[in-house]
Amino acid sequence: MIICPRCRGLLEVVMPTTINFSMEAARTRRFGVWRYRELLPLDDGITPVSLGEGGTPLISLTRSLNIVNKAINVYVKFEGSNPTGSFKDRGMTVGVTIAKNIGVEGIIVASTGNTAASAAAYAARAGLRCVVVLPKGGVARGKIAQALLYGAEIKEVDGVFDDALEEVFMEVVINGGRRLYPLNSYNPWRLEGQKTVAFEIVDELSFVPDTVIVPVGNAGNISAIWKGFKELYSYGLINKLPKMVGVQAAGAAPLAMTWKLGIDELYAIENPQTIASAIKIGKPVNWLKALRAVRESNGTFITVTDDEILAAMRALAVFEGIGVEPASATTFAGFKKLVEDNFIDRSEVVVLIATGHALKDPDTIVNKAIIRAEHYNLIVK
Ligand SMILES: *Cc1c(COP(=O)(O)O)cnc(C)c1O
């Protein structure tokens, strides 16, 4: 069900080659994931399990950039304003809708935290049980609090996210009769919901940005966003495609390493390390899709250090009023580097995907971000 029985690869949803959809006509609907219903693989008759996800603000950066005499145009897509505070809600509304309609007792996910929070909320909404498998000690406090609040059954596993994921995969294979639907990173339906970030960006800007920068953990989101842009292109709704840039933390950079080495096998990291717990992943299951997205789009993968992440988090907060969790701050840190390296031209329009809300990880803010960020040069020159 989750893996192709023939090639052992991940499944992918293939949309029809023609659809009946117009951005103009869709604008009468609420801004969010379900505005683009015809671009999602669900029958008309199905009622979505929804909490009003998507429709997040696209905020232009001002004070964090030295924009004197330079036409630099950067937006933050603030996914922290989703119902549970991360982009995971876009995928979960679709995934849980599917789960509800195939008649299971519940869902099960492995998570660095945000998937757990989101799954727990949407399962509650749907009246389904929710089991979340978490790396012990590796989940930010806000995310655990959410999973508890929404009534998920929490199972902790020694090790990192990759170990938790293995647990879920095994559990489903061994206890197939348990009727818990796995809504993991293996599951292609979640990516369908996540691709709507691309739709919203185009919908709001009315053009396609030059570069989209995404934090990469399990690599589902960057793959999903690229799929979204490609589908709009294939339907003739846009006439160019953006470059996709994936940012990883220096201590958890399997894809950036694979990219740098130019190899066709994943350079797995056994013991990933970073303050950005949402992307502390050594063996991203969607690595091949992500590699293709970056390659096809003429983008790149880069890394940023934990100190750069903390400084970027602080810069977005104090100069822009945008509070994000560490994983999301990698996009601003990465953007700064790419401008300095001339990979990004100052005439470009750039969108940073700020994946999760600052309140997800209060401990990092209190213990690290406020103190250490002062040492770094925060403004993009
Ligand atoms: C899940 C998550 C990511 C990583 O997304 P992937 O699809 O796993 O690459 C990044 N930031 C936040 C806040 C997340 O919750």
Side-chain angles (χ1 to χ4, degrees), residues 1-17 19 33 36-43 46 48-49 87-104 106-111 115 118-119 122 128 131 133 161-162 164-199 214 216-231 234 244 246 254-255 264-266 268 281 283-296:
M1 174 179 61
I2 304 168
I3 295 278
C4 168
R6 221 180 291 164
C7 76
R8 308 292 299 161
L10 298 186
L11 302 184
E12 183 169 291
V13 174
V14 179
M15 292 294 290
T17 49
I19 39 116
V33 168
Y36 313 99
R37 182 155 186 146
E38 290 81 3
L39 304 178
L40 295 172
L42 284 171
D43 291 344
I46 295 178
V49 178
F87 75 85
K88 299 296 197 299
D89 294 344
R90 292 181 186 273
M92 216 47 84
T93 183
V94 174
V96 171
T97 298
I98 300 267
K100 192 173 177 189
N101 279 277
I102 56 177
V104 287
I107 58 172
I108 180 166
V109 300
S111 176
T115 295
S118 185
Y122 283 86
L128 296 173
V131 179
V133 185
F161 169 83
D162 307 281
L165 182 58
E166 216 158 281
E167 192 82 4
V168 170
F169 190 44
M170 300 281 284
E171 184 148 355
V172 169
V173 171
I174 294 163
N175 302 324
R178 212 176 147 197
R179 296 177 64 228
L180 288 182
Y181 184 62
L183 270 175
N184 255 335
S185 323
Y186 296 109
N187 190 299
W189 301 110
R190 279 176 54 197
L191 300 189
E192 291 302 298
Q194 290 174 21
K195 77 187 180 186
T196 58
V197 171
F199 304 163
V214 190
V216 173
N218 231 332
N221 205 30
I222 192 168
S223 313
I225 298 170
W226 177 239
K227 187 173 192 283
F229 281 113
K230 274 204 307 188
E231 286 177 2
S234 75
M244 301 298 297
L255 271 159
D264 285 328
E265 284 294 312
L266 178 70
I281 293 173
K283 299 168 196 161
V285 298
N286 289 293
W287 69 272
L288 188 55
K289 285 185 194 175
L291 209 57
R292 284 186 186 143
V294 168
R295 211 178 266 155
E296 282 172 31

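Quantities reported herein were computed from a predicted structural model and do not represent experimental measurements.
- Checking side-chain atoms of N187 against main-chain N and O of G95 turns up no donor-acceptor pair under 3.5 Å.
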- Task: Kindly indicate, with the supporting measurements, whether the criterion side chain to side chain contact (heavy atoms under 4.5 Å, CB included) is fulfilled by L42 and I98.
- Result: CA-CA 8 Å; L42 284 171; I98 300 267; 3.5 Å; yes
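- With values rounded to the nearest 0.5 angstrom, T196 atom OG1 is found 11.5 Å from L191 atom CG.
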task = Determine, step by step, whether E12 and K227 satisfy the salt bridge (charged side-chain N to carboxylate O under 4.0 Å, His left out) criterion, reporting the C-alpha distance in whole Å, the side-chain angles of both residues, the deciding distance to 0.1 Å, and the verdict.
result = CA-CA 10 Å; E12 183 169 291; K227 187 173 192 283; 5.5 Å; no
Discussion item. Evaluate R90 against R190 for side chain to side chain contact (heavy atoms under 4.5 Å, CB included), listing each step before the verdict.
Written reply: CA-CA 7 Å; R90 292 181 186 273; R190 279 176 54 197; over 6 Å; no
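- Residues L266 and P284 form a side-chain contact, since some pair of their non-hydrogen atoms from C-beta on lies under 4.5 Å apart.
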Exercise for review: Walk me through it: do I225 and Q194 pass the test side chain to side chain contact (heavy atoms under 4.5 Å, CB included)?
Suggested key: CA-CA 7 Å; I225 298 170; Q194 290 174 21; 5.9 Å; no
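- With hydrogens and angles disregarded, no donor-acceptor distance shorter than 3.5 Å links the side chain of T93 to the backbone of D89.
- Summarising the geometry of P41 relative to W189, their closest heavy-atom pair is CG-CZ3, 3.6 Å, with the distance given to 0.1 Å.
- For the salt bridge (charged side-chain N to carboxylate O under 4.0 Å, His left out) condition, the pairs that include at least one residue of residues 283-293, sequence neighbours left out, are E270-K283.
- Judged purely by atom type and a 3.5 angstrom limit, S118 has no side-chain atom pairing as donor or acceptor with the backbone of T115.
- At least one donor-acceptor pair under 3.5 Å links the side chain of R37 to the backbone N or O of D43.
- Between Y186 and N286, the side chains place no donor N or O within less than 3.5 Å of an acceptor N or O (distance only, hydrogens not considered).
- The nearest pair of heavy atoms linking L255 to W287 is CD2-O, 3.7 Å.
- For F229, the ring-ring contact (aromatic ring centres under 6.0 Å, His included) test picks out no residue, with sequence neighbours left out.
- How far CD of E265 is from CG of L288: 9.0 Å, rounded to the nearest 0.5 Å.
- Contact annotation: the side chain of V133 never approaches that of V109 to less than 4.5 Å [non-hydrogen atoms, C-beta and beyond].
- Screening V13, V14, L10 against P188 for a side chain to side chain contact (heavy atoms under 4.5 Å, CB included) leaves a single residue, V13.
- In this structure, N101 contributes its side chain and I46 its backbone to no donor-acceptor pair below 3.5 Å.
- For D162 (side chain) and I281 (main-chain N/O), no donor-acceptor pair under 3.5 Å exists by modelled atom type.
- Applying the side chain to side chain contact (heavy atoms under 4.5 Å, CB included) test to V294 and every residue at least two apart in sequence or in another chain returns I222, W259, F301.
- Considering V94, I108, V96 in turn, V96 is the only one that fulfils the side chain to side chain contact (heavy atoms under 4.5 Å, CB included) rule with L183.
- A pairwise comparison of heavy atoms in A219 and A290 identifies CB-CB, 3.6 Å as the closest pair.
- At most 12 non-hydrogen atoms from other residues, nucleotides or ligands lie less than 6.0 angstrom from NZ of K100.
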Would M15 and K195 satisfy side chain to side chain contact (heavy atoms under 4.5 Å, CB included), going step by step from the backbone distance to the final call? CA-CA 12 Å; M15 292 294 290; K195 77 187 180 186; 3.7 Å; yes
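- Once rounded to the nearest 0.5 Å, the distance linking OG1 of T97 with CD of E192 reads 13.0 Å.
- The two residues I107 and A99 make their nearest non-hydrogen contact at CG2-CB, 3.7 Å.
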